[in-house]
Amino acid sequence: MTQVQVPRYHGWSLFGLLSLLVLLMAGLILLLNPDLVEATRSAIRATARTSFALFLAAFTASALAVLVPSPFTRSLVRERRFIGLAFAFSHLVHAILIYSYGQLNPEFWPGRTTVGNIPGSVGYLFILLMALTSFKTTARLIGPNAWKALHVSGMWVLAAVFTYSNFKRIPMSAWYVLPFGLMFSAIVIRLLGKIALKYKRSVRSTLLTE
């Protein structure tokens, strides 16, 4: 009996699949809701969730590969660049929807403060810089040290933005405890992964010198 081969997506095909799913989701939300303003709000919330899920996958990939080594966690590390680019694409769609909502609802932008926009603006700046330097040519231009500094600091800045954004919304809805808890757990996992990796390296170094 022949075994059915399940197609495996990786590299740009994975990026394409994830991006297509984000677009389909947003498009369906806009098409199925007769109220365009409310539909746009729903699509903004939905793309915020897809961005959050993709970010968590990219943020915890290397730590999970150290803490829970398996084919799945190793594939997460291998595809981390394309998951990160899919996150950037999802957040681009999210930004376009926010702009569209501002056009549909003139009261939206005046109701926001400059201080309130700072975390999101900083987050988008890092997303742009990280996406632009996720290619071999641009990564080579800035050099490995600058690349590492940008991507490591960028991931932590985005983690802080997601943590703050969910924490400040908890008084509005108790449901925001869930994403806040997930982000907090992801930070703990990443830190534990770093500690475990340092320990493994020190053990390996000790064994080599004996």
Side-chain angles (χ1 to χ4, degrees), residues 3-22 25 46-91 94 123 126-127 130-131 133-136 139 144-145 147-167 169-170 174-210:
Q3 210 173 20
V4 178
Q5 290 289 324
V6 179
R8 293 180 65 187
Y9 292 91
H10 57 86
W12 288 110
S13 63
L14 176 63
F15 168 79
L17 175 66
L18 293 171
S19 301
L20 180 62
L21 289 173
V22 169
M25 178 196 67
T47 50
R49 288 170 188 142
T50 56
S51 295
F52 182 62
L54 290 167
F55 175 76
L56 284 180
F59 185 71
T60 58
S62 57
L64 287 173
V66 174
L67 297 169
V68 194
S70 70
F72 175 72
T73 55
R74 283 192 291 271
S75 69
L76 267 184
V77 174
R78 188 171 60 249
E79 306 299 338
R80 182 173 48 183
R81 176 164 77 102
F82 299 98
I83 294 170
L85 286 170
F87 156 69
F89 179 82
S90 176
H91 233 48
H94 182 68
F126 272 97
I127 291 170
M130 290 166 71
T133 55
S134 290
F135 303 92
K136 288 180 181 178
N145 291 334
W147 184 92
K148 185 177 181 181
L150 170 63
H151 283 253
V152 171
S153 59
M155 292 299 273
W156 281 109
V157 166
L158 291 170
V161 170
F162 274 118
T163 304
Y164 171 72
S165 297
N166 287 302
F167 178 74
R169 287 179 173 85
I170 291 174
W175 283 107
Y176 283 102
V177 171
L178 177 60
F180 173 75
L182 286 172
M183 191 66 252
F184 184 80
S185 300
I187 290 170
V188 172
I189 288 168
R190 184 157 172 137
L191 291 172
L192 287 174
K194 283 190 173 294
I195 293 167
L197 184 60
K198 282 183 180 179
Y199 175 74
K200 283 184 178 182
R201 283 174 178 170
S202 66
V203 169
R204 194 181 299 124
S205 177
T206 304
L207 290 171
L208 289 171
T209 54
E210 284 181 351

Contacts of Ala86 that satisfy side-chain contact (heavy atoms from CB on, under 4.5 Å) - sequence neighbours left out: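 In terms of side-chain contact (heavy atoms from CB on, under 4.5 Å), with neighbours along the sequence ignored, Ala86 is linked to Phe15, Leu18, Leu54.
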Please name all residues satisfying side-chain contact (heavy atoms from CB on, under 4.5 Å) with Leu197, sequence neighbours left out, ordered by chain then number.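 Once residues adjacent in sequence are excluded, the partners of Leu197 under the side-chain contact (heavy atoms from CB on, under 4.5 Å) criterion are Val66, Arg201.
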Please determine whether side-chain contact (heavy atoms from CB on, under 4.5 Å) holds for the pair Phe52 and Leu182, giving the CA-CA distance in whole Å, both sets of side-chain angles, and the decisive distance to 0.1 Å. CA-CA 10 Å; Phe52 182 62; Leu182 286 172; 4.2 Å; yes
Enter the distance from [X]:[atom1] to [Y]:[atom2] here, rounded to the nearest 0.5 Å.
X: Leu192; Y: Tyr199; atom1: CG; atom2: OH; value: 14.5 Å
X: Ile127; Y: Ser51; atom1: CD1; atom2: OG; value: 7.0 Å
X: Thr60; Y: Leu67; atom1: OG1; atom2: CG; value: 10.0 Å
X: Thr133; Y: Lys148; atom1: OG1; atom2: NZ; value: 15.0 Å
X: Met155; Y: Leu150; atom1: CE; atom2: CG; value: 11.0 Å
X: Leu14; Y: Arg78; atom1: CG; atom2: CZ; value: 10.0 Å

Shortest non-hydrogen separation from [X] to [Y] and the atoms involved:
X: Leu158; Y: Gly123; value: CD2-O, 3.5 Å
X: His151; Y: Ser134; value: CE1-OG, 3.7 Å
X: Arg190; Y: Ala63; value: CA-CB, 3.7 Å
X: Trp147; Y: Ala139; value: CD1-CB, 3.7 Å
X: Ala58; Y: Arg80; value: O-CD, 3.5 Å

Short question: side chain of [X], backbone of [Y] - any donor-acceptor pair under 3.5 Å?
X: Ser165; Y: Phe162; result: no
X: Ser19; Y: Gly16; result: no
X: Arg74; Y: Ala65; result: no
X: Glu79; Y: Gly11; result: yes

For side-chain contact (heavy atoms from CB on, under 4.5 Å), just list the numbers for Ser13 and Phe82, CA-CA rounded to whole Å, side-chain angles, deciding distance to a tenth of an Å, and then say yes or no. CA-CA 9 Å; Ser13 63; Phe82 299 98; over 6 Å; no
Would you call the rings of Phe55 and Phe87 parallel, tilted or perpendicular, taking 30° and 60° as the class edges?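 Tilted: the ring planes of Phe55 and Phe87 meet at 30° to 60°.
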Can you classify the ring geometry of Phe59 versus Trp156 as parallel (below 30°), tilted (30 to 60°) or perpendicular (above 60°)?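 Taking Trp156 first and then Phe59, their aromatic rings stand perpendicular (interplane angle over 60°).
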Thr47 and His91: side-chain donor and acceptor closer than 3.5 Å?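 Judged by distance alone, the side chains do not pair up.
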Would you mind listing every ring-ring contact (aromatic ring centres under 6.0 Å, His included) that reaches into residues 176-198, with sequence neighbours excluded?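 Counting only pairs at least two positions apart or across chains, the ring-ring contact (aromatic ring centres under 6.0 Å, His included) contacts touching residues 176-198 are Phe167-Phe180.
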